[in-house]
Protein chains: 4
Amino acid sequence: MSCPFKPRWERRKDARPQELLDAALDHFVARGFAATRLDDVAKSAGVSKGTLYLYFSSKEELFKAVVRESIVPLLGEAESLIEQYEGNSEELFRLVMTTWWENVGASKLSGLPKLMTAEAGNFPELAKFYQEEVVDRGEKLVATMLKRGIARGEIREMDLELAPRILVAPMIMMMLWKHSNGVCFVEPEKLGGYLDFYIDMALRSVLIDKPIN
Amino acid sequence: MSCPFKPRWERRKDARPQELLDAALDHFVARGFAATRLDDVAKSAGVSKGTLYLYFSSKEELFKAVVRESIVPLLGEAESLIEQYEGNSEELFRLVMTTWWENVGASKLSGLPKLMTAEAGNFPELAKFYQEEVVDRGEKLVATMLKRGIARGEIREMDLELAPRILVAPMIMMMLWKHSNGVCFVEPEKLGGYLDFYIDMALRSVLIDKPIN
Amino acid sequence: MSCPFKPRWERRKDARPQELLDAALDHFVARGFAATRLDDVAKSAGVSKGTLYLYFSSKEELFKAVVRESIVPLLGEAESLIEQYEGNSEELFRLVMTTWWENVGASKLSGLPKLMTAEAGNFPELAKFYQEEVVDRGEKLVATMLKRGIARGEIREMDLELAPRILVAPMIMMMLWKHSNGVCFVEPEKLGGYLDFYIDMALRSVLIDKPIN
Amino acid sequence: MSCPFKPRWERRKDARPQELLDAALDHFVARGFAATRLDDVAKSAGVSKGTLYLYFSSKEELFKAVVRESIVPLLGEAESLIEQYEGNSEELFRLVMTTWWENVGASKLSGLPKLMTAEAGNFPELAKFYQEEVVDRGEKLVATMLKRGIARGEIREMDLELAPRILVAPMIMMMLWKHSNGVCFVEPEKLGGYLDFYIDMALRSVLIDKPIN
DNA sequence: TATGAATGAGTGTTCATTCAT
DNA sequence: GATGAATGAACACTCATTCAT
C-alpha cells in the first residue's frame, strides 16, 4: 500500500526467477491447472522439481503467482493513454485496441483469459482478484473511452454498464482462439484481419457517424 | 416393490446413458476434465463408479460422449428456422439469437464452450470434431443469415468469412461468463439485459438502416 | 466313502454342466487362476456370468472343482492295467507310459500339472488333494511296477521312494511343455519322438538287460 | 546421523534396483504375476509403492526385469567349466549337475522355471527371450557334454536333439518342486538324495559302462 | 434356471510434496 | 540454494460377486 512498487501479494524471494513463472504460464495455459505437471514446468525452466518449492509453497501458489504476476503489466499503459489522448474517438479506439493486441494479444499474456475461464471455478479468490484487477479495470477503461466520446458528440448515448463488456467480447474471444488449439482455430496471419474487422464492427455499433473504412 | 424409492438395480439400461452424461457434463464444466473425479460423477448420477464403465470405456470416452451428445441437437433447429423464415433480417437475427439463448445459453449446454476452451489442447481430436460440428456449422449458419440479408438489401456488404465469428463472439462470451464463477460475473437476472444489448449492437454494425430500439 | 460312485467333494447339482468345467480348465491352464476372468469363462461356455454362480459359489470353488473333476479319470485305468498285466517289465512300462500319454498327455488334462505347479502355493488344500490323489497315487503306481519288475528279476534293485518321481519327471515335463507356449516349445508332431526317447532312456536306467530299440 | 538405523532416504540409488528385483522375484514366484501386489513387493523391499515406479515403469516391466536379470548369471560358468574339463564324462556330469544345483537350485533363482511355466502364456515375448537365453543355451550345454562323451567313447550314440531335454527334465522338476508348496513336496533335506539318485539314473541311461555308485 | 445390470473392494499408476544431501 | 530420491494420498480402472427379473 504505502510502498508504490510492491504489489500486495508477498514475494517470498526478491529474486524469484521469472523463468519459473514463464515456464509455468506456458504449461498452465496449454493444459490447465490440474493437467499441468510440476515435473514438466521444472524441466521447461531448467531446474529440478524441488527448486520450484524454494519459490512457491505449492502448485496452487505457483498458479496464483503466475496469474498475479502476469496481470500487473496489463492495463497501466492503456489507462494513461486514454487520459492523455486528444484525437477523436474513432482514432482512440483504433489505437487502444491495436496497441492492446500488439502488447497483450500477441504475447503470452494472451493466455490469461483462457486460464481464468477454465479455472475460475476452482480458484475463487484468484477469480475475484482477476475480476477486480483486469475485468473491472478494463471495463472501466472502455467506459471512460465511451463517456469521452459521448461528451464529444462522437458516440451515441448508451448503457455504459453493459456496453464495455459486449464491445470487448470479440477481443477476448480472439485471445481465447489463440490458445484453444484446434477449436476456433485461426491462422496467426489471419488474426490481423480479424482485428481490423472487429474494430470496424465495434465502431459501427457506437459511432454516430459511421466510419468509412 | 411398492416402495416409492426405486431400488438401485431397477433402473433401466436405456435411461442410464443420458443420466450419466448429464451428471458428467455438470462436473466437467465445473471443474475441468482432469479435476473431475469419476466417483463424483457416479455419485451425482446415483450409480456406482463401476457402472460408468458399463457405458463408457474410459474417462476420456465419457468426456467425448458428453461433448458429442450435447451438440448434436444444438444446431439443427436454428438451421431450419433460417431456411423457412420470411420476415426481415432484423427480426430473424433477433429470433435466432433469442431462441439460441433460451435453448442453449440458458441450459446446461452453455457449459460446452467453456469445456472446449479449457480442454481443446488436451484433446486434439475432440477439438477437431467440435470445430467441425459446432463452430464451423454455427458460423455457416450466421453467414447464411447475413447473405440472405445482403440479398434483400437489408445488410451491408461485408467479408462473410470474418463477420460471423466476430458477430457471434459476445454470445459465446456470455455463455463463458455463466460458467466462470466470479470472473466476469453477471447476475443471472442481468443476462437478459446483456442479450438485448448485444443484439442491438450487432444489428447496428450490420444493418443498413439502423434499428430504432 | 460308502457310496462308491460319489467322490468325496460335494456336488451342488447333479447335472452340473461339464461345459463350464471344460471352459474353465482351458482358461485356467492358459492364463492361471488370478488372470482368468469369469467373464471369459462364461463366454467360452456360452452362458452368462451369473450362471456360473448357479453351479459354483465362487471363483475359487470353480477352480477347485475343475481340478478335482479333472483328476478323477486320471489314474484308475493304469492301476488296474498293472495289476492284471502278465508280460515283462519293459513291455508293461512302454504300455503304461504310451497309454498315459495318449489318454492324458494328449488331452486337455495335460494342463493340470501346469495349473498345480503355478497355483499350489495359493491353494494349499487343493495342493494337498492333488498330491494325494495324483502325485502319491501315481508314484505308488510306478513303484508297484518297479517292485514287480524287481521280483521278476528284470529291474535292478533301487530306492523305491526316490525312483518313481525321478523316472516320471520327464513325462510331467512333457505335459508342461505343451502348455507353456513358447517356453520349451516342442512342435506337437515331435512330442511322439520325445515320448519314445524318454521311454528308452527310462528303461535303460532301470532294466538289468538293456533294451535294444 | 550416527543412528544405526539408516533413515529411509539414505538408501543409495545404485543398490535399489537389485533389492527391488529380489523382493519381486520372491513374490512373483510365490503367487504368480497377477496375484502379486506391488504394495507387497514394495513393503518387502522396504520402500513405498511409488518408489517401484522410479525404477520400473510398470508391473509388467518389473516382471520382465526380474526374469532377465535373474538369468544373466545363470549359464556362463557351466559353459566354461565344460570347455576346460579334462576328466571323464561321469565325473563331468556329476560336477556340472551338482554345481548347478548348488548355484541355482538351492538359490532363489530356482523359482524361475516355475515362474516361466506359469506365465509364459501371458508374456509371449518374455517366453521367447527365456527360451532362447536359458532353455536353448542350457540344452546346447548338455549336448556339448554328450558329444564330448561320445567322442571319448564313454557315452553311447544318441539323438542329440532329444536327449538334453529329457536328461535335464528331472533337474527342472526338482526346481519346480521346491516352489510348489505342497505339490510334490520334498523335504529340503531329502533333495540331496534326489539329486544323487537323479544323477545316477541319468548316467545309467547314457554311459556305455554303467557306473558303480 | 438363466440373465446381465449393478456394485464396490482392490490394485496399478500418477504426481504433488518432502527432505537429507 | 539446489537437487532428486522417496513418499503416499488420490484416482482410474477391473472384475468377482450379487440379485431383481
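What you see below is based on every heavy atom in this structure, not just the backbone, and it leaves out hydrogens, waters and symmetry mates. Every chain is numbered from 1, with letters handed out A, B, ... down the list of sequences.
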Do the side chains of A/Phe28 and A/Val67 get nearer than 4.5 Å, heavy atoms only?
no
Heavy-atom nearest pair, D/His179 first then D/Gly111, reads NE2-N, 3.2 Å
Rounding to an integer number of Å, can you tell me how far A/His27 NE2 sits from E/dC15 C1'?
15 Å
Atom CG of A/Leu54 and atom P of E/dT17: how far apart are they, to the nearest Å?
14 Å
Looking only at atom types and distance, does a side-chain atom of B/Thr117 sit under 3.5 Å from a main-chain N or O of B/Pro113, one as donor and one as acceptor?
yes
Counterpart base for F/dT21, defined by Watson-Crick or G-U wobble contacts under 3.5 Å
E/dA2
Would you kindly give the OH-to-C1' distance between B/Tyr53 and E/dT11, to the nearest whole Å?
13 Å
Report the residue (C/Ala34 or A/Gly46) whose heavy-atom-nearest nucleotide on DNA chain F is the more 5′ of the two.
A/Gly46
5′-ward residue of the pair C/Val47/D/Glu60 relative to DNA chain E
C/Val47
Taking a pair to mean Watson-Crick or G-U wobble geometry with both distances below 3.5 Å, E/dA9 pairs with F/dT14
Nearest-nucleotide comparison on DNA chain F, the residue closer to the 5′ end among C/Asp39 and D/Leu52
D/Leu52
Between B/Ser48 and A/Phe33, name the one whose nearest nucleotide on DNA chain E is closer to the 5' end.
B/Ser48
Go through the N and O atoms of the side chain of A/Lys49 and the base of E/dT17, and report whether any donor-acceptor pair is under 3.5 Å.
yes
What is the distance, rounded to the nearest whole Å, between atom CZ of B/Phe56 and atom P of F/dT14?
15 Å
Can you measure A/Arg31 atom CZ to E/dA16 atom P for me and round it to whole angstrom units?
12 Å
What is the distance from OH of B/Tyr55 to C1' of E/dT7, rounded to the nearest Å?
12 Å
Classify the ring geometry between D/Phe33 and D/Phe123 as parallel (under 30°), tilted (30 to 60°) or perpendicular (over 60°).
perpendicular
Figure out the NZ/P separation between D/Lys59 and E/dT11, and round it to whole Å.
9 Å
Taking the basic N atoms (NZ, or NE/NH1/NH2) and the acidic carboxylate oxygens, is any pair closer than 4.0 Å for B/Lys64 and B/Glu125?
yes
Length of the NZ-C1' vector between C/Lys43 and E/dG4, whole Å:
13 Å
